[in-house]
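Quick caveat: nothing in here was measured; it's all calculated off a predicted structure. Note on naming: letters A, B, ... go to the chains in the order of the sequence lines (proteins, then strands), and numbering restarts at 1 for each one. Hydrogens, waters and symmetry mates play no part in the numbers below; they use all other heavy atoms, side chains included.
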Number of protein chains: 2
Amino acid sequence: MHSLLNVATDLEERNPIGVVPPINVNPYRAACVDCRVSSLCLPTGLCKHGNDRFSELIRQRIRIKKGYGLYHANDPLEYLYAVRLGSFKTCFANAEGQGLVTNFWMPGDTMGCDAISTNRHVCSAFALEDSEVCLIPYQRLESLAHEFPFLQQSLNRLLSSEIVREHKRLLMMCNLTAEERMASFLLGLSKRYVERGFSAHSFVLRMSRDDIASYLGLRLETVCRCIAHLRHLDIVQFSGRTVEILNLPGLKALEHGYSKGSAANQ
Amino acid sequence: MHSLLNVATDLEERNPIGVVPPINVNPYRAACVDCRVSSLCLPTGLCKHGNDRFSELIRQRIRIKKGYGLYHANDPLEYLYAVRLGSFKTCFANAEGQGLVTNFWMPGDTMGCDAISTNRHVCSAFALEDSEVCLIPYQRLESLAHEFPFLQQSLNRLLSSEIVREHKRLLMMCNLTAEERMASFLLGLSKRYVERGFSAHSFVLRMSRDDIASYLGLRLETVCRCIAHLRHLDIVQFSGRTVEILNLPGLKALEHGYSKGSAANQ
DNA sequence: CGAAGCATTGAGGCGCATCAATCCCCGTGG
DNA sequence: CCACGGGGATTGATGCGCCTCAATGCTTCG
C-alpha cells in the first residue's frame with residue numbers, strides 16, 4: 001500500500017530532455033528591472049549596481065510548454081531556475097520509482113536549490129502551463145554572491161527558508177486530517193496569489209487532482225471527496241479547476257480543525 | 001485526531017533557557033584539529049589556514065546535560081551549533097502547539113541552519129544525553145565564508161542537503177508503512193553510526209519511543225508494535241534502548257516492503 | 001522502596017486507501 | 001455536425017492500517 005504513482009514517468013516520456021529546444025527570449029534585454037515579480041525574486045533588495053550585474057547573469061530566458069520538463073533528476077546542476085511566468089511542479093522519486101510532488105512553483109520562485117548539495121538535480125521540474133523561466137548559471141551566481149555579500153545572504157536565506165517550508169509540510173502531514181490539509185493547501189495558494197497581486201478568493205488551479213493528492217500525501221479520490229465536502233459546506237465553490245473561496249474565515253477554521261470536537265485549543 | 005503531543009513543552013519547562021549556564025570547555029585550545037568528528041563537520045576539506053581560522057571562531061564549547069535545551073524556537077540566531085559529543089533532537093511546533101521531532105543529531109552534525117531564513121530559530125534543540133557542542137557565531141561564519149569560498153560552498157551544500165533530507169523524509173511519510181519506516185529509521189541510524197566509526201549492528205537508541213514515533217509520523221504504540229514484530233521475525237533484538245541488528249539484509253528487505261505482496265518491483 | 005516516567009500489549013473504531021463504475025470535458029476525425 | 005476516444009474527475013462500497021483508549025509491566029532515580 002501507500003505506493004504512490006511515479007508522478008514523473010508519464011511526462012518524462014513525453015519529453016526526453018533536449019527534444020524541446022529552449023526558446024531564447026529577448027536575450028539582449030535586461031531581465032530583472034522590468035520583471036513583474038522582481039520583488040519576490042533572488043536579487044530583491046540588491047543595490048542598483050548589483051542588480052545590473054545580476055541581470056547580466058541571465059543570458060537566457062526560455063519558454064516551456066505545458067506538460068514538458070525543464071530539468072530532470074540526476075541532471076548536473078548548471079542553472080537555478082527563476083520562474084518568470086506560469087507555474088511548475090517538481091517531483092522527487094526514489095530508486096524504486098515511488099515519487100511525490102515536492103512543490104508547486106509560481107512566478108518569483110527559484111527552483112533547483114536542492115541540487116547544490118550533490119551538484120545534481122534530485123527533482124524533476126514540469127511546466128503546469130505554458131511558462132517562462134530565467135536561467136541563473138550557478139557557478140557565476142556563486143562568484144557574484146562573493147562580490148555582493150547581500151546576494152550571498154539572500155541565497156542563504158532562500159535555502160534556509162526551503163528547509164523551514166519542508167518542516168511545515170512535515171508537520172502538516174503528521175498532524176492534519178485530509179480535509180485540514182486541503183484547506184491549508186487552498187489557503188497557501190490564496191496567499192501566494194495575493195503576494196503576486198491576484199485575488200485571494202478566486203483563482204485557477206494549474207495542477208491536477210492527482211498532483212494535489214501527491215503534494216498533500218493523499219490519494220486522488222480523497223482529494224475529490226474533500227473538495228466535495230468543502231462545496232457542500234458552501235465554503236469553496238469549484239468548477240473544474242476554477243476555485244472560488246466563498247468563506248475565507250470558515251476555510252481558516254477548517255484548517256485548524258475547529259470544525260471537529262477536538263480539545264478546545266483557543 | 002493526529003494531534004501529536006507538544007514534544008517541546010515538557011522539556012521547555014524543565015529548562016527555561018539561561019537557567020543552566022553554559023559550561024565553557026577548553027577555551028584556549030584549538031577546537032577542530034583534534035576533534036574526532038572533524039571529518040564530518042563544516043570545515044571539512046578546508047585548507048590548513050582556513051581550518052585554523054575556523055577554529056578561532058569557536059570561542060565556546062559548551063556542555064548540555066541530558067534533557068536540557070540548547071536553544072529554543074524564536075530565539076534570535078546567534079550561533080550555529082556543531083555537535084561534538086552526545087546527541088540531540090530538534091522539535092518544531094506551530095502556534096497551536098502541535099509539534100514533531102524534526103531530526104536527531106549526532107557528533108559532526110550542525111544544528112540551527114533553519115534559523116538563517118528568519119534570523120530566529122524555528123526549532124528547539126534538546127540533549128538526549130550529556131552532550132557537548134561547539135558554538136559557531138553565524139555573523140562571523142558569514143565573514144569567514146567570504147574569505148574562504150570553499151567554506152561558503154560547504155555551507156551552501158549543508159543547507160541544500162538538509163532540503164534533500166527533508167524530501168526523503170516526506171517520501172518516507174507518504175510511501176512507507178509503519179514497519180517500513182521503522183526499518184528505514186534503524187538502517188539510517190546504523191549508517192550514521194558506521195560513519196562515526198561505530199558498529200553497524202549494535203547501538204543504543206538515545207531517544208524515547210515517543211521521539212521515534214514523532215520523527216516517523218506515527219504513534220508511540222505503533223512504534224512498539226513494530227519493534228515487537230521485528231523481534232519476532234528475529235531481524236532485530238531489542239532490550240530497552242539497546243539495539244542489535246541480527247539480519248541486516250532482512251531489515252533492508254523490510255524497508256522496501258519486499259515482505260508484502262506488493263507489485264513486483266525488481 | 002515508592003513514585004513517576006517509559007514501554008508493552010490488547011480491544012475496538014475511524015479515516016483513508018483501494019477497487020470499481022460512471023461521468024464530464026475536450027480535442028479529433030469522419 | 002456528431003460520434004468517438006481518452007484523460008481527468010467524481011462518487012460509491014469495502015477493507016485495512018494505524019490511531020485511540022486503557023490496563024499493566026518495567027525501569028530509573030530520588
Tell me the interatomic distance from [X], atom [atom1], to [N], atom [atom2], rounded to whole angstroms.
X      : N      : atom1 : atom2 : result
B:H229 : C:dG10 : NE2   : P     : 14 Å
A:E221 : C:dC16 : CD    : P     : 13 Å
B:N175 : C:dA17 : CG    : C1'   : 13 Å
B:L128 : C:dC6  : CG    : C1'   : 15 Å
B:L230 : C:dT8  : CG    : P     : 12 Å
B:D210 : D:dC19 : CG    : C1'   : 14 Å
B:R241 : D:dC26 : CZ    : P     : 17 Å
B:D211 : C:dG5  : CG    : P     : 15 Å

Side chain of [X] only, please: which of [options] is the nearest?
X      : options                : value
B:T222 : D:dC18, C:dT18, C:dC16 : D:dC18
B:L218 : D:dT10, D:dC19, C:dT9  : D:dC19
B:R231 : C:dA7, D:dT10, C:dT8   : C:dT8
A:R225 : D:dT10, C:dT18, D:dT20 : C:dT18
B:R209 : C:dT18, D:dT10, C:dT8  : C:dT8
A:A228 : D:dT11, D:dC18, C:dT8  : D:dT11

Rounded (10°) bend between the five-pair end axes of the helix from C:dC1-D:dG30 to C:dG30-D:dC1: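 The helix from C:dC1-D:dG30 to C:dG30-D:dC1 shows an end-to-end axis angle of 30°.
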In chain order, what residues pass the side-chain contact (heavy atoms from CB on, under 4.5 Å) check against [X], with sequence neighbours excluded?
X      : answer
B:R165 : B:N103, B:W105, B:E162
A:K168 : A:V164, B:F92
A:A127 : A:I64, A:F88, A:S131
A:L187 : A:L248, A:L251, A:K252, A:E255

Residues A:D109, A:R196: salt bridge by 4.0 Å N-O rule: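 Salt bridge flag = yes for A:R196 with A:D109.
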Determine all donor-acceptor pairs shorter than 3.5 Å in which one atom belongs to a side chain in residues 223-231 of chain A; sequence neighbours excluded.
residue : atom : partner : partner atom : Å
A:H229  : ND1  : A:E179  : OE1          : 2.4
A:H229  : ND1  : A:E179  : OE2          : 3.2
A:R231  : NH1  : A:F238  : O            : 3.1

Spacing of B:Y71 atom OH and B:C123 atom SG [to the nearest 0.5 Å]: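 SG of B:C123 is found 6.0 Å from OH of B:Y71.
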